[in-house]
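Encoded as structure tokens, the structure appears first; notes follow it.
Proteins come first, then strands; the chains are lettered A, B, ... in the order of their sequence lines, and each starts at number 1. As the structure is a prediction and not an experimental result, all values here were calculated from the model. Just the heavy atoms: all of them, side chains too, but no hydrogens, waters or symmetry mates, feed the values below.
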Amino acid sequence: MIDLKALRTDPERFKDGCRKKNSPVDIDHLLRLDTQRRDLMSKAESLRAEQKKLAKESGPRIGQLSGKLKASQGDERAAIEAEIAQLKAAPASLKDQIQTLDDQINTITPELESLLLTIPLPPDDDVPVGTSSDDNVEIRRWAPQGWDWDKTFEQNRGFKPKGHIELCDALGLVDFPRGVKIAGTRSYVLTGMGMRLHQAVLRYAIDFMVDRHAFTPMSVPVLVREEAMVGTGFFPGGREQAYHVEETSRGGGQDMFLTGTGEVGLMGLHQNEILDEADLPLRYVTVSTCFRREAGAAGKDTAGLYRIHQFDKVEQVVICRADEQESRDWHQKMLGFVEDFLQSLGLPYRLLQCCTGDLGAKNADMIDVECWMPGRGELSPSPEGGASSPTAPDAPAPAGEFGETHSASRLYDYQCRRLNMRTRPGGAGGKGETVFCHSLNNTVAASPRILIPILEMFQNKDGSVSVPEALRPYLGGADQILPA
RNA sequence: GGAGAGGUGGCCGAGUGGUUGAAGGCGCACGCUUGGAAAGCGUGUGUAGGUUUACCCCUACCGAGGGUUCGAAUCCCUCCCUCUCCGCCA
């Protein structure tokens, strides 16, 4: 959520942000509502002040008169009753006026608040302006020794790559048909070494963050209240993307939602808390199952492990002081952790600076990491083959393509404001105004998607797959995956 | 699923109709004290909105929403949440 005061002071900044993010939110309407509301409120407030004053003045007098009333009769009694009635009448008339104003305020407020939740955080000035992921800009790329970006996989390695689906099939790592039988489209069953590899990557990722970078490991809920979804900024915008567990319709108190990322649980931890500045930055890492409806992605990446409804993800989150430079520093650090991680696995990748149109409402800046996936992309004829024939050696091979595996977001106070997560200068009991913290998040490893580049990059000519060295300790020392 | 208890400030905890925005304590800040520290003493210390150069002032907020009343933390209604016991259960 953005700061309404800041919006009032500098609406152009936010309008510009909306333009850059292609967000159609009507800021002028919001400002009109805000002006109206404040106007009504100040009227209601001064009436209320008047009412309070009258009540204080006439209250004791009413009490006095009521006492007298009992002991009186005749004309005296009538006079007292009249005075009481008069004393009561003045505040009572104010009450009606206040009620009318309150009704108007109560009509405007919910509209204003829900509108406010949809205003995007303006992107930082150094984020390139663009309309879609096509306008994202590559920052840098890395590949292990022996990998030449100018050559195809086949030229680099001397044989045509198989796609991960074929590898999974041949090595008995994933059972797609049975996954679909159980849970429908975009479902899968990890089997045998497939499951072990999946667990190995996740565990390695957690250990990497905890042991090398002093992150605190957490296990957090993945079934959460709506409040947590709104607070972390996934709702209302991403409502269609989340699975909704209807509990109210069967007698429960609240509906629940399955989270699409561990970020929700991690960021929800300190909702409505005032954190001690000395404890910052908080560094949390979790592994959690993530659920995504993939609404709107029908027909896209339908096969394989790339786009699926359920997966597991190791996520890192940092909550730091409200300082832009500190946020920026952490953003770079969190990217650095991921680069080290991928390099330790030997996976070629590139960093993409996302353009304004690709940031989403929450982010001031977002940098994606994409791993090279040799099995993705258009089929292209073998370079040597010339006119290709359907026979195996000349059959077209996939050209390879980058696939998104990580996304590092810098949100400043957008999320913490929604979550009401603050610090107070001088500690929890100290003095001074509270300020909203800053938050950042980044993937460490999302599996099974990360298995795609691992399997495809580490495949051998004989159809086996080598295990990256970093993962071997988690697989009982195994260095190869052979056909089952 | 059955029964009960409870939701008050950064935290604990009083408070059942009228200067109660809220006693008391803890914490924190400042001052005194001290060679220094602790203890002790004193003073201050909620959040949000509005107004203001600033000081001040006004309003709202005691889980949420509604109601009664001249006046509600306090009475009434609805809802939400948390806890305890029993039952069931990985």
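Contact annotation for A:Arg417: no contact, since no heavy-atom pair falls under 4.0 Å across all strands.
Regarding A:Leu33, its CG atom lies at a distance of 17 Å from the C1' atom of B:rG49, rounded to whole Å. At whole-Å resolution of the value, CD in A:Gln36 and C1' in B:rG49 are 17 Å apart. Rounded to whole Å, atom P of B:rA48 lies 11 Å from atom CG of A:Asp3. Protein atom CG of A:Asp96 is 14 Å distant from nucleotide atom C1' of B:rU69, rounded to whole Å. To the nearest angstrom, P of B:rC11 lies 15 Å from NE2 of A:His270. Atom CE in A:Met1 sits about 12 Å away from atom C1' in B:rA48, given to the nearest Å. Between the CD atom of A:Gln99 and the P atom of B:rU69 there is a distance of 12 Å, rounded to whole Å. Distance A:Ile274 CD1 to B:rU45 C1': 13 Å, rounded to the nearest Å.
Comparing B:rC28 with B:rC81, their C1' atoms are spaced 30 Å from each other, to the whole Å. For B:rG67 and B:rU74, the C1' atoms lie 15 Å apart once the distance is rounded to whole Å. Taking atom C1' in both B:rC76 and B:rU68, the straight-line distance is 7 Å, to the nearest Å. Taking atom C1' in both B:rG17 and B:rA22, one finds a spacing of 15 Å when rounded to whole Å. Using C1' as the reference atom, B:rU20 and B:rA73 are 9 Å apart when rounded to the nearest Å. Of the P atoms belonging to B:rA14 and B:rG4, the separation is 23 Å, rounded to the nearest Å. To the nearest whole angstrom, the two P atoms, one in B:rC56 and one in B:rA39, are 32 Å apart. Taking the P atoms as reference points, B:rG35 lies 43 Å from B:rA48, given to the whole Å.
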Footprint string (nucleotides 71-90 of chain B, 5' to 3'): B base within contact, S backbone only, - free, heavy atoms under 4.0 Å: S--------SSS--------
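The SG atom of A:Cys437 lies 9.5 Å from the CG atom of A:Asp413; values are rounded to the nearest 0.5 Å. Considering CG of A:Asp103 and CD1 of A:Ile108, their distance stands at 11.5 Å, rounded to 0.5 Å.
A donor-acceptor pair is defined here as one N or O able to donate and one able to accept, closer than 3.5 Å; no such pair exists between the side chain of A:Thr434 and the backbone of A:Thr423. A distance-only check finds a donor-acceptor pair linking the side chain of A:Thr405 to the backbone of A:Val369 [under 3.5 Å]. The main-chain N or O of A:Val127 is never found under 3.5 Å from a side-chain atom of A:Asp124 such that the two would form a donor-acceptor pair.
Partners of A:Phe337 according to the ring pair (Phe, Tyr, Trp, His ring centres under 6.0 Å) rule, which considers only residues two or more places apart in sequence or in another chain, are A:His213, A:Phe215. Every residue two or more places apart in sequence or in another chain that forms a side chain to side chain donor-acceptor pair (under 3.5 Å) with A:Arg418 is listed here: A:Tyr414. Taking the ring pair (Phe, Tyr, Trp, His ring centres under 6.0 Å) definition, one finds that A:His438 meets it with A:Tyr412, sequence neighbours left out.
In the region residues 39-49 of chain A, proximity to RNA chain B at under 4.0 angstrom, judged on heavy atoms, holds for A:Met41, A:Glu45, A:Arg48, A:Ala49. For the contact set between residues 104-115 of chain A and RNA chain B, defined by any heavy atom under 4.0 Å, the members are A:Asn106.
Residue pairs that meet the salt bridge (Lys or Arg N to Asp or Glu O under 4.0 Å) test with at least one member in residues 439-456 of chain A, sequence neighbours left out, do not exist here. Residues in residues 178-194 of chain A take part in these side chain to side chain donor-acceptor pair (under 3.5 Å) pairs, two or more places apart or across chains: A:Asp175-A:Arg178. Applying the side chain to side chain donor-acceptor pair (under 3.5 Å) test to every pair with at least one member in residues 218-234 of chain A, sequence neighbours left out, gives these pairs: A:Glu226-A:Arg239. Residues in residues 256-277 of chain A take part in these ring-ring contact (aromatic ring centres under 6.0 Å, His included) pairs, two or more places apart or across chains: A:Phe235-A:Phe257, A:His244-A:Phe257, A:His270-A:Tyr284. Note on residues 193-206 of chain A: pairs passing salt bridge (Lys or Arg N to Asp or Glu O under 4.0 Å), not counting sequence neighbours, are A:Arg203-A:Asp207.
Heavy-atom distances to RNA chain B give each of A:Arg38 and A:Arg250 a nearest nucleotide, and the one nearer the 5′ end belongs to A:Arg250. The residue among A:Arg422 and A:Lys5 whose nearest nucleotide of RNA chain B is located toward the 5' end is A:Arg422.
The side-chain tip of A:Lys300 does not point at the ring of A:Tyr306 from less than 6.0 angstrom away and within 45° of straight on.
Contact check, A:Thr434 against B:rG10: no side-chain N or O comes under 4.0 Å of OP1 or OP2. OP1 or OP2 of B:rA60 lies within a sub-4.0 Å distance of a side-chain N or O belonging to A:Lys52.
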Show the numbers, then the answer: is there a side chain to side chain contact (heavy atoms under 4.5 Å, CB included) between A:Glu315 and A:Val287? CA-CA 6 Å; A:Glu315 178 79 3; A:Val287 56; over 6 Å; no
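Stem analysis of RNA chain B (at least three stacked-register Watson-Crick or G-U pairs, each with both distances under 3.5 Å) gives B:1-7 with B:80-86, B:10-12 with B:24-26, B:27-32 with B:40-45, B:46-50 with B:57-61, B:63-67 with B:75-79.
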